[in-house]
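Shown next, in structure tokens, is the structure this report addresses.
Treat the numbers as computed from the prediction; the structure is a model and nothing was measured. Order of appearance sets the numbers: ligands from 1, and atoms from 1 within every ligand. FYI, the numbering just counts along the sequence from 1.
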Amino acid sequence: MGTSDLFHEVITLPEPVRSARYKRLVGLDDHKSRLRKEAAVLADPSKIDAWAQQHHNLNFSGNVALTLLKDRAPLLLFAGDVGSGKSALAESFGCDLAEQLGVDVTLYRLKLTTRGEGHVGEMTNLIGKAFNEVTSEAKMGRSADGRLLGITVLVVDEADALVQSREATQMHHEDRAGVDAFLQGIDDFAGTGLPLLVVMCTNRLAALDPAVRRRAAAVFSFRRPNDAQRKQVLSDALEGYGISPESLDKLVLATGPQGAKRPGFTFSDLTQRLVPTAILAAYPDQALSADLILNVASDMDPTPEFNDAAAS
Ligand SMILES: Nc1ncnc2c1ncn2[C@@H]1O[C@H](COP(=O)(O)OP(=O)(O)OP(=O)(O)O)[C@@H](O)[C@H]1O
Ligand SMILES: [Mg+2]
């Protein structure tokens with residue numbers, strides 16, 4: 001079985017399309033900054049030692065807090081509502097790391113078909129192969145004298161399909177074995193100092209195996225945009241179309257929550273449905289106008305909220 005059966009096309013970052021996508025993501029500045037810190041410490045663990053020295057006059061030997069930090073598994077969970085930027089951030093933040101740290105970032109994206117066909121031992125085998133492949137790439141990320149040469153990012157999107165809770169009664173024996181193999185792989189990474197980050201995305205955090213959740217160094221939550229964030233997305237998208245600030249405010253209200261029954265638009269409702277639909281409504285004979293966008297918005301139902309509790 002070759003790499004192409006386990007992963008989507010392997011991508012080297014930075015790359016212009018993903019860089020631009022990263023910069024366009026609204027409302028995720030805290031996540032972006034945390035990702036930078038995680039990567040900076042992973043890239044050069046001596047930086048955190050220098051910090052402890054500078055601020056606390058501590059040296060590393062026997063320093064419990066720093067050992068706890070360094071011993072974590074390099075596993076980050078992106079969890080939350082649909083169309084809120086989980087996949088977009090997971091597949092693009094490597095561009096920022098690459099630019100910050102001056103090295104290439106190699107992006108692996110696990111294919112869901114990696115679950116195999118349910119033959120005995122197959123899933124364990126596939127996951128083992130995937131982790132081996134990623135480990136050998138990550139090992140090339142550091143020179144013999146410890147210098148950073150590159151960072152590897154493994155993205156497991158729609159992770160609930162792969163590592164749903166082993167408590168799920170309908171779960172196939174082979175799938176349980178797969179979760180065990182996954183946990184083993186993650187544990188093997190912990191404390192190795194390899195320049196590797198594993199990101200799992202899900203909108204069903206409650207359905208993930210608790211042992212996987214427990215290992216996560218951080219859980220990043222993703223939500224629907226608030227008024228200011230919808231305003232930002234809409235004004236970015238509609239720049240140059242002559243939409244007045246007052247009309248923009250109306251659009252922000254029209255795409256917001258309407259009472260308890262109708263949630264606000266998701267980020268993707270705005271970028272992948274509202275704006276393109278409005279443009280096609282105007283095309284070919286009309287100009288785009290605020291009224292036209294408002295009409296399109298009032299005809300459009302926002303994506304229903306994902307009920308994590310009910311899904312688990
Ligand atoms: N925070 C954001 N800022 C700007 N645009 C966003 C943001 N989040 C999502 N989008 C837009 O929505 C599109 C879909 O987002 P993405 O695929 O990352 O959603 P997701 O959280 O992975 O959803 P799902 O749970 O359905 O997989 C993006 O390509 C982008 O156009
Ligand atoms: Mg996604």
Ligand 1 versus Leu270, non-hydrogen atoms closer than 4.0 Å: side chain, backbone, both, neither? neither
Could you identify the single nearest non-hydrogen protein atom to atom 31 (O) of ligand 1 and state the distance to 0.1 Å? Thr271 OG1, 3.0 Å
Are the side chains of Leu69 and Arg72 in contact, using a 4.5 Å heavy-atom criterion? yes
Taking only residues two or more places apart in sequence, or in another chain, which ones meet Asp227 in a side chain to side chain donor-acceptor pair (under 3.5 Å)? Arg230
Within 6.0 Å of CZ in Arg223, more than 12 heavy atoms from elsewhere: no
Contact between Ser84 and ligand 1, counting heavy atoms under 4.0 Å? yes
Quick check on contacts: which atoms of ligand 1 are under 4.0 angstrom from a heavy atom of Val26? 1 (N), 2 (C), 3 (N), 4 (C)
Sub-4.0 Å atoms of ligand 1 with respect to non-hydrogen atoms of Ala88: 18 (O)
Among all protein non-hydrogen atoms, which one is nearest to atom 13 (C) of ligand 1, and what is the separation to 0.1 Å? Gln272 NE2, 3.5 Å
One residue to check: Glu158. Relative to ligand 1, which of side chain, backbone, both or neither has a non-hydrogen atom less than 4.0 Å away? side chain
For ligand 1, note which part of Asn203 has a heavy atom under 4.0 Å away: side chain, backbone, both or neither. side chain
Verify whether the ring centers belonging to Phe222 and Phe78 lie closer than 6.0 Å. yes
Contact with ligand 1 for Gly83, non-hydrogen, under 4.0 angstrom: yes
Distance-minimising heavy-atom pair for Ala217 and Arg34: O-NH2, 3.7 Å
Region of Val82 that comes within reach of ligand 1 [heavy atoms, distance under 4.0 Å]: both
For a quick check under 3.5 Å, do Ser46 and Asp44 share a side-chain donor-acceptor pair by atom type? yes
Between the side chains of Thr135 and Asn132, does any donor sit under 3.5 Å from an acceptor? no
Hey, mind stepping through Ser87 and Asp157 against side chain to side chain donor-acceptor pair (under 3.5 Å) and telling me if it holds? CA-CA 7 Å; Ser87 304; Asp157 212 341; 2.7 Å; yes
Between Pro276 and Leu270, what is the shortest heavy-atom contact and its length? CD-O, 4.3 Å
Over-ring placement of Lys32 relative to Tyr22, 6.0 Å and 45° cut-offs: yes
Just checking, is any N or O donor in the side chain of Ser244 or Ser247 under 3.5 Å from an acceptor N or O on the other one? yes
For the Mg ion (ligand 2), which protein N/O/S atoms fall under 2.8 Å? Skip waters. Ser87 OG
